[in-house]
Amino acid sequence: NPYLLGQTNQWYPDSYLYLFSTLCTYYMILIFKNIQYKKNTYKLFICLALGTSVKLTFFYFGFFVFLFFLSEFIKYKSEILITIIKASTLFLIIFSAFNISIYFKFEEFIGDLNFLLTHYGDRSVNNLTIALPFYFLYLFVVPVGILGIIFLIYDLNFIIKGKKYFYLSVFYLMPFIYIFILSLYPVFLNRNINLFVPIILISLSRGIDNFYFKHKHNTNYFIFVPLIFFIA
């Protein structure tokens, strides 16, 4: 993807979050489908620990994972409680191992954390008018291109019609809520949305796949879709 290639030229922590957000999404889907529940829960929390160790803003992804497991706990009750506790412990161990300096230079860590919180300015709904369109374009339009939006809409329509609320939450609501929160700050940077770019690209792929499946008997579409991307 051209956007990924362009962004990874920036030697910045955000460029390394693609891997972890992709893996976290993958394991969430497997857990949702009840495929090797315990094993994939541990893998998910390991990826969360690694992603958060790369950059603390990956914590936002972790917050959505927390909401996911909250719904899972309501569904399965005590059946998954021990698994969640073990996975959370695993997260703390791995995060501590990669961030051992926190315990030796705690004051410096707090100072850097405060800088991170104040660097983007004071939150205000007045910032939404400029920042939200900026982030929306950079997340939902730039990585897929103008023509790719058609397939994003196609995928969204497929999800809504099929009442696939989990996929609606993961692939659309979660990224949008994230950029909405970021848009409250007066300072906004395109690299801040990088951790959710892989999710949008997966949505694009799903849209193309569903489009092909629906028109699989019409060979013209098999030529048309690659052609418009080639032209773009």
Side-chain angles (χ1 to χ4, degrees), residues 1-8 14-36 40-41 43-48 50-52 54-55 57-58 60-69 71-72 135-180 182 190-216 221-222 225-226 228-230 232:
N1 182 274
Y3 182 83
L4 294 185
L5 293 175
Q7 282 293 293
T8 49
D14 302 79
S15 301
Y16 297 88
L17 294 179
Y18 296 127
L19 173 64
F20 302 113
S21 53
T22 303
L23 287 174
C24 285
T25 305
Y26 174 65
Y27 291 128
M28 282 176 66
I29 292 172
L30 292 181
I31 294 166
F32 175 74
K33 291 185 174 184
N34 206 16
I35 299 172
Q36 296 184 322
N40 286 318
T41 298
K43 288 181 179 180
L44 172 60
F45 276 76
I46 289 171
C47 290
L48 276 178
L50 294 174
T52 310
V54 170
K55 193 176 182 184
T57 48
F58 199 74
Y60 283 105
F61 203 110
F63 175 72
F64 292 118
V65 171
F66 168 78
L67 293 179
F68 167 70
F69 274 101
S71 65
E72 288 289 286
Y135 278 128
F136 185 88
L137 286 172
Y138 261 97
L139 183 58
F140 291 99
V141 180
V142 174
V144 302
I146 298 297
L147 297 171
I149 299 171
I150 298 170
F151 297 105
L152 281 187
I153 296 172
Y154 196 89
D155 178 56
L156 181 60
N157 181 61
F158 179 81
I159 289 174
I160 294 173
K161 280 187 175 180
K163 297 181 179 179
K164 301 177 184 293
Y165 301 119
F166 168 76
Y167 295 103
L168 178 65
S169 301
V170 172
F171 290 103
Y172 292 95
L173 292 180
M174 185 168 70
F176 183 78
I177 291 171
Y178 174 71
I179 63 171
F180 182 86
L182 288 183
N190 64 310
R191 56 177 167 76
N192 287 337
I193 53 92
N194 283 5
L195 72 162
F196 282 108
V197 168
I199 292 179
I200 304 305
L201 296 180
I202 294 170
S203 302
L204 171 68
S205 301
R206 284 166 48 90
I208 294 173
D209 191 54
N210 291 327
F211 180 84
Y212 267 137
F213 182 78
K214 185 176 180 179
H215 302 284
K216 61 183 177 181
Y221 286 108
F222 284 85
V225 176
I228 60 173
F229 276 102
F230 176 75

> Which value, rounded to the nearest 0.5 Å, describes the distance between Arg206 atom CZ and Leu156 atom CG?
Replying inline: 10.0 Å
>> Within this structure, what is the CG-CG distance for the pair Leu48 and Leu23, rounded to the nearest 0.5 Å?
In response: 10.5 Å
> Which pairs with one or both residues in residues 26-35 pass side chain to side chain donor-acceptor pair (under 3.5 Å), sequence neighbours excluded?
Replying inline: none
>> Please confirm whether the ring centroid of Phe63 lies under 6.0 Å from the ring centroid of Phe58.
In response: no
> Residues two or more places apart in sequence or in another chain: which of them pass salt bridge (charged side-chain N to carboxylate O under 4.0 Å, His left out) with Lys43?
Replying inline: none
>> Does any part of the side chain of Tyr212, heavy atoms only, come nearer than 4.5 Å to the side chain of Ile208, both counted from C-beta?
In response: yes
>> Would you say that Gln36 contacts Leu30 through its side chain, given a criterion of any heavy-atom pair below 4.5 Å between the two side chains?
In response: no
>> I need the full list of side chain to side chain donor-acceptor pair (under 3.5 Å) pairs touching residues 144-154, with sequence neighbours left out, sorted by first then second residue.
In response: none
> Is there a side-chain contact between Lys161 and Asn157, using heavy atoms and a 4.5 Å cut-off?
Replying inline: yes
>> Taking ring pair (Phe, Tyr, Trp, His ring centres under 6.0 Å) as the definition, give me every residue that meets it alongside Phe171, ordered by chain and number, with sequence neighbours left out.
In response: none
> Does a sphere of radius 6.0 Å around CZ in Phe158 hold more than 12 heavy atoms from other residues, nucleotides or ligands, not counting ones at 6.0 Å or beyond?
Replying inline: no
>> Please list all pairs meeting side chain to side chain donor-acceptor pair (under 3.5 Å) that have one or both residues in residues 162-180, counting only residues at least two apart or in different chains.
In response: Asp155-Tyr172
> Sequence neighbours excluded, which residues qualify as side chain to side chain contact (heavy atoms under 4.5 Å, CB included) partners of Leu50?
Replying inline: Phe20, Ile46, Ile94, Phe98
> When you look at Phe166 and Val170, which way does the side chain to side chain contact (heavy atoms under 4.5 Å, CB included) test go after all the steps?
Replying inline: CA-CA 6 Å; Phe166 168 76; Val170 172; 3.7 Å; yes
> Which residues satisfy the ring pair (Phe, Tyr, Trp, His ring centres under 6.0 Å) test with Tyr138, sequence neighbours excluded?
Replying inline: Phe134
> What is the distance from atom CZ of Phe64 to atom SG of Cys24, rounded to the nearest 0.5 Å?
Replying inline: 13.0 Å
> Rounded to the nearest 0.5 Å, what separation is found between the CE atom of Met174 and the OH atom of Tyr60?
Replying inline: 14.5 Å
> Hey, does Asn40 have a side-chain heavy atom less than 4.5 Å from the side chain of Phe32?
Replying inline: no
> Listed by chain and number, what are the side chain to side chain contact (heavy atoms under 4.5 Å, CB included) partners of Phe66, not counting sequence neighbours?
Replying inline: none
If you look only at distance, which donor and acceptor atoms sit under 3.5 Å apart when one is on a side chain in residues 190-205 and the other is two or more places apart or in another chain?
unit_1, atom_1, unit_2, atom_2, d
Arg191, NH2, Tyr12, OH, 3.4
Asn192, OD1, Tyr120, OH, 3.4
Asn192, ND2, Tyr135, OH, 3.1
Asn194, OD1, Tyr3, OH, 3.4
Asn194, ND2, Gln7, OE1, 3.0
Asn194, ND2, Tyr18, OH, 3.3
Ser203, OG, Ile199, O, 3.0
Ser205, OG, Leu201, O, 3.1

Using atom types as modelled, flag every donor-acceptor pair under 3.5 Å from a side chain in residues 142-152 to any protein atom, sequence neighbours excluded.
none

